[in-house]
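This report concerns only the one structure given below.
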Protein chains: 2
Amino acid sequence: MHSGISPDTIPTSPSPLRERQAKRISILEAAGDVFCREGYAGANIDLVATEAGVSRQTVYNHYGDKEKLFIAVVRDLTERCNASIFATMATFPDRPNNLEDDLVAFALRMNRNCICNREGRLLHKLIQADGERYPELLTIWREQGPGRTWSAMAAHFARLAHAGYLVMDDPDLAAHHFVALVNAQLRTTFMLGEAPTEAEVTQSTRNGVRAFLRAYGKCRSAAPGETSSQGRHYHGN
Amino acid sequence: MHSGISPDTIPTSPSPLRERQAKRISILEAAGDVFCREGYAGANIDLVATEAGVSRQTVYNHYGDKEKLFIAVVRDLTERCNASIFATMATFPDRPNNLEDDLVAFALRMNRNCICNREGRLLHKLIQADGERYPELLTIWREQGPGRTWSAMAAHFARLAHAGYLVMDDPDLAAHHFVALVNAQLRTTFMLGEAPTEAEVTQSTRNGVRAFLRAYGKCRSAAPGETSSQGRHYHGN
DNA sequence: AGACAGTTGGACAGGCTTGTCTAATTTGTC
DNA sequence: GACAAATTAGACAAGCCTGTCCAACTGTCT
């Protein structure tokens with residue numbers, strides 16, 4: 001999205017094209033923040049321009065319209081989020097060394113790089129708040145994002161089950177339960193669009209993976225409460 | 001909230017007071033819908049008045065201000081939601097006959113009466129979209145709602161564990177995992193503020209409770225994939 | 001130096017919304 | 001029937017925001 005010119009053709013020279021691109025991006029970022037904070041109706045082009053360090057006219061030159069700007073923001077965020085989701089998905093531990101630790105590490109990468117970061121939180125809130133008004137935008141996101149994400153993750157879990165690490169009937173259901181458990185203790189924070197603490201993320205992830213392994217693990221790990229370092233849950237201290 | 005006059009003092013006579021109250025409520029409901037659809041900034045008092053079947057001036061007579069109206073809406077929704085949450089919480093199966101079925105029934109009540117119903121979805125979206133702008137409102141909701149809800153549910157799970165039905169270290173964590181699992185397959189629907197199908201709710205709830213019992217049950221139920229009518233997961237057919 | 005593309009600040013019309021005011025009207029009560 | 005309270009429709013000023021237009025400015029390229 002932020003390309004148009006490749007870094008090879010024009011190196012680092014402060015050419016006018018490069019500056020134009022920089023402004024374009026700057027506007028997109030500022031617009032993301034403002035739309036997210038104020039909602040579509042409450043967002044103010046003047047504020048976007050100021051926050052982007054650009055004159056209002058430049059915003060109109062680049063994006064033409066408030067609505068077009070909004071659509072550009074959502075499309076950009078969708079693409080960036082999907083890219084990082086699939087990049088992270090490729091690191092799924094298909095051949096885990098230590099199943100629990102590897103799943104925890106994977107879930108942490110996913111949370112940090114795709115869900116709790118700026119793009120993830122912004123997209124989440126924009127879709128939720130103003131998505132209804134643009135059904136086409138919403139279906140694009142829906143099919144391209146969650147749709148592919150769930151089936152990809154389900155495929156990984158199916159592979160893990162086939163290799164004998166887990167036991168499950170429905171890999172898609174397992175994927176939903178995995179994500180739900182891993183984020184179980186972050187829901188209230190998520191809801192307000194805040195960024196959870198690093199410690200909160202670690203704790204929720206670790207606890208979620210342990211519960212997931214008790215539900216889907218092959219050799220049932222120790223139940224919580226039994227004296228086993230694995231079974232005790234994680235408080236982050 | 002909708003009181004002010006008790007049903008005893010004035011029976012069912014169409015007194016002017018009663019009509020005034022009816023209009024007051026009508027405005028509150030219409031405002032809830034409009035604020036939720038359009039967001040605070042996009043909401044239009046004329047639209048609220050029309051949708052409430054009332055003149056604009058009446059809205060101002062009752063609530064004085066757009067901001068005051070918004071606050072009244074959120075306060076009302078918060079109170080009503082909390083009331084139904086705690087009413088439902090009282091039906092927690094402390095002495096379950098069939099643990100799985102009773103937990104499923106409880107979770108279904110909670111979902112239907114408190115989370116997926118009109119008030120639940122509206123409050124959820126209002127808090128998420130415009131909550132930031134009114135920190136005091138948000139903390140009231142936070143302390144009075146989720147705070148007390150989690151500890152109440154944790155207490156019930158602790159009781160269940162103490163009675164030998166479940167095994168857990170941290171009842172609060174178990175409560176979070178329970179809710180997360182039960183709603184695992186409804187997340188995408190939730191995010192858009194839509195009302196999930198009855199079938200979707202049933203399916204997600206049943207599957208979630210089964211996974212929960214595999215993770216926290218005492219006598220480990222059959223793993224999924226093993227030939228057992230209990231272990232097979234639910235597709236709603 | 002001159003052409004040129006992009007940016008800037010400001011002015012400005014048009015539209016929409018909030019909140020107020022007023023006169024007319026309804027509806028129950030005395 | 002007269003009175004009081006509430007409601008209604010409409011007009012209205014004030015403010016904000018969008019989107020456009022324009023003249024001046026900056027930097028690069030020829």
Side-chain angles (χ1 to χ4, degrees), chain A residues 2 4-5 9-31 33-73 130 133-134, chain B residues 2 4-5 9-31 33-73 130 133-134:
Chain A
H2 295 166
I5 53 172
T9 45
I10 296 168
T12 331
S13 71
S15 79
L17 269 177
R18 232 186 154 62
E19 194 156 347
R20 186 175 162 77
Q21 287 297 322
K23 284 196 194 301
R24 216 183 154 75
I25 296 173
S26 175
I27 294 169
L28 214 56
E29 284 180 0
D33 290 337
V34 173
F35 278 133
C36 190
R37 274 208 317 272
E38 318 284 345
Y40 180 81
N44 178 306
I45 302 281
D46 280 342
L47 189 55
V48 172
T50 306
E51 217 154 294
V54 166
S55 84
R56 179 177 60 237
Q57 186 58 43
T58 302
V59 177
Y60 283 105
N61 284 346
H62 276 274
Y63 293 99
D65 207 338
K66 185 179 182 179
E67 180 168 340
K68 293 203 191 78
L69 176 59
F70 179 77
I71 291 178
V73 167
D130 296 297
R133 219 180 312 275
Y134 300 91
Chain B
H2 297 164
I5 54 174
T9 45
I10 295 168
T12 331
S13 70
S15 77
L17 269 178
R18 232 185 155 63
E19 194 155 348
R20 186 175 162 76
Q21 287 297 322
K23 285 197 194 298
R24 215 183 153 75
I25 295 173
S26 175
I27 294 169
L28 213 57
E29 285 179 0
D33 290 337
V34 173
F35 278 132
C36 189
R37 274 207 317 273
E38 318 284 345
Y40 180 80
N44 177 309
I45 302 280
D46 280 343
L47 188 56
V48 172
T50 307
E51 218 154 294
V54 164
S55 83
R56 178 176 62 239
Q57 186 57 43
T58 303
V59 177
Y60 282 106
N61 284 346
H62 277 276
Y63 294 98
D65 207 337
K66 185 178 182 180
E67 180 167 339
K68 292 202 191 77
L69 175 60
F70 179 77
I71 291 177
V73 167
D130 296 297
R133 219 181 312 277
Y134 300 91

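Naming convention: chains lettered A, B, ... in sequence-line order (proteins, then strands); numbering from 1 in each chain.
- In the set C:dT8, C:dG19, D:dT18, C:dT8 carries the atom at the smallest distance from any side-chain atom of A:Lys23.
- At whole-Å resolution of the value, CG in A:Asp46 and C1' in D:dG15 are 14 Å apart.
- Atom CD1 in A:Ile45 sits about 19 Å away from atom P in C:dG15, given to the nearest Å.
- Regarding contacts with the backbone of D:dT7, a side-chain N or O of B:Arg20 is found under 4.0 angstrom from either OP1 or OP2.
- If you take NZ of B:Lys68 and P of C:dT18, they are 15 Å apart, rounded to a whole angstrom.
- Partners of A:Arg133 by salt bridge (charged side-chain N to carboxylate O under 4.0 Å, His left out), not counting sequence neighbours, listed by chain and number: A:Asp130, B:Glu38.
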Reading 5' to 3' through nucleotides 9-14 of chain C, protein heavy-atom contacts under 4.0 Å coded B for base, S for sugar-phosphate only, - for none: B-B---
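- Side chain of B:Asp65 to backbone of B:Lys68: no donor-acceptor contact under 3.5 angstrom is found.
- Across the interface with DNA chain D, nearest-nucleotide mapping of A:Gly42 and B:Thr58 shows B:Thr58 to be the residue nearer the 5′ end.
- A straight line from CG of A:Asn61 to P of D:dC21 spans 12 Å, rounded to a whole angstrom.
- The ring-ring contact (aromatic ring centres under 6.0 Å, His included) analysis of residues 49-68 of chain A, with sequence neighbours excluded, yields no pairs.
- As a whole-Å value, the separation of A:Tyr63 OH from D:dT18 P is 17 Å.
- Rounded to whole Å, the distance from CG on B:Asn44 to P on C:dG15 is 17 Å.
- For the pair B:Tyr60 OH and D:dA9 P, the computed distance is 16 Å after rounding to whole Å.
- For B:His62 and D:dT7, the shortest distance from a side-chain N or O to OP1 or OP2 is below 4.0 Å.
- The closest donor-acceptor contact from the side chain of A:Thr58 to the backbone of A:Val54 lies at 3.5 Å or more, if one exists at all.
- Using the six-membered ring where Trp is involved, A:Phe35 and A:Tyr40 have ring planes that are parallel, under 30° apart on the 30 and 60° scheme.
- Under a 3.5 Å cut-off, the side chain of B:Thr50 and the backbone N or O of B:Asp46 do form a donor-acceptor pair.
- Rounded to whole angstrom, the span from the NZ atom of A:Lys66 across to the P atom of D:dT20 amounts to 14 Å.
- A salt bridge links A:Glu51 with A:Arg37; the closest basic N to acidic carboxylate O contact falls under 4.0 Å.
- Nucleic acid contact for A:Ala43: sugar-phosphate only, since backbone atoms but no base atoms lie under 4.0 Å from a heavy atom of the residue.
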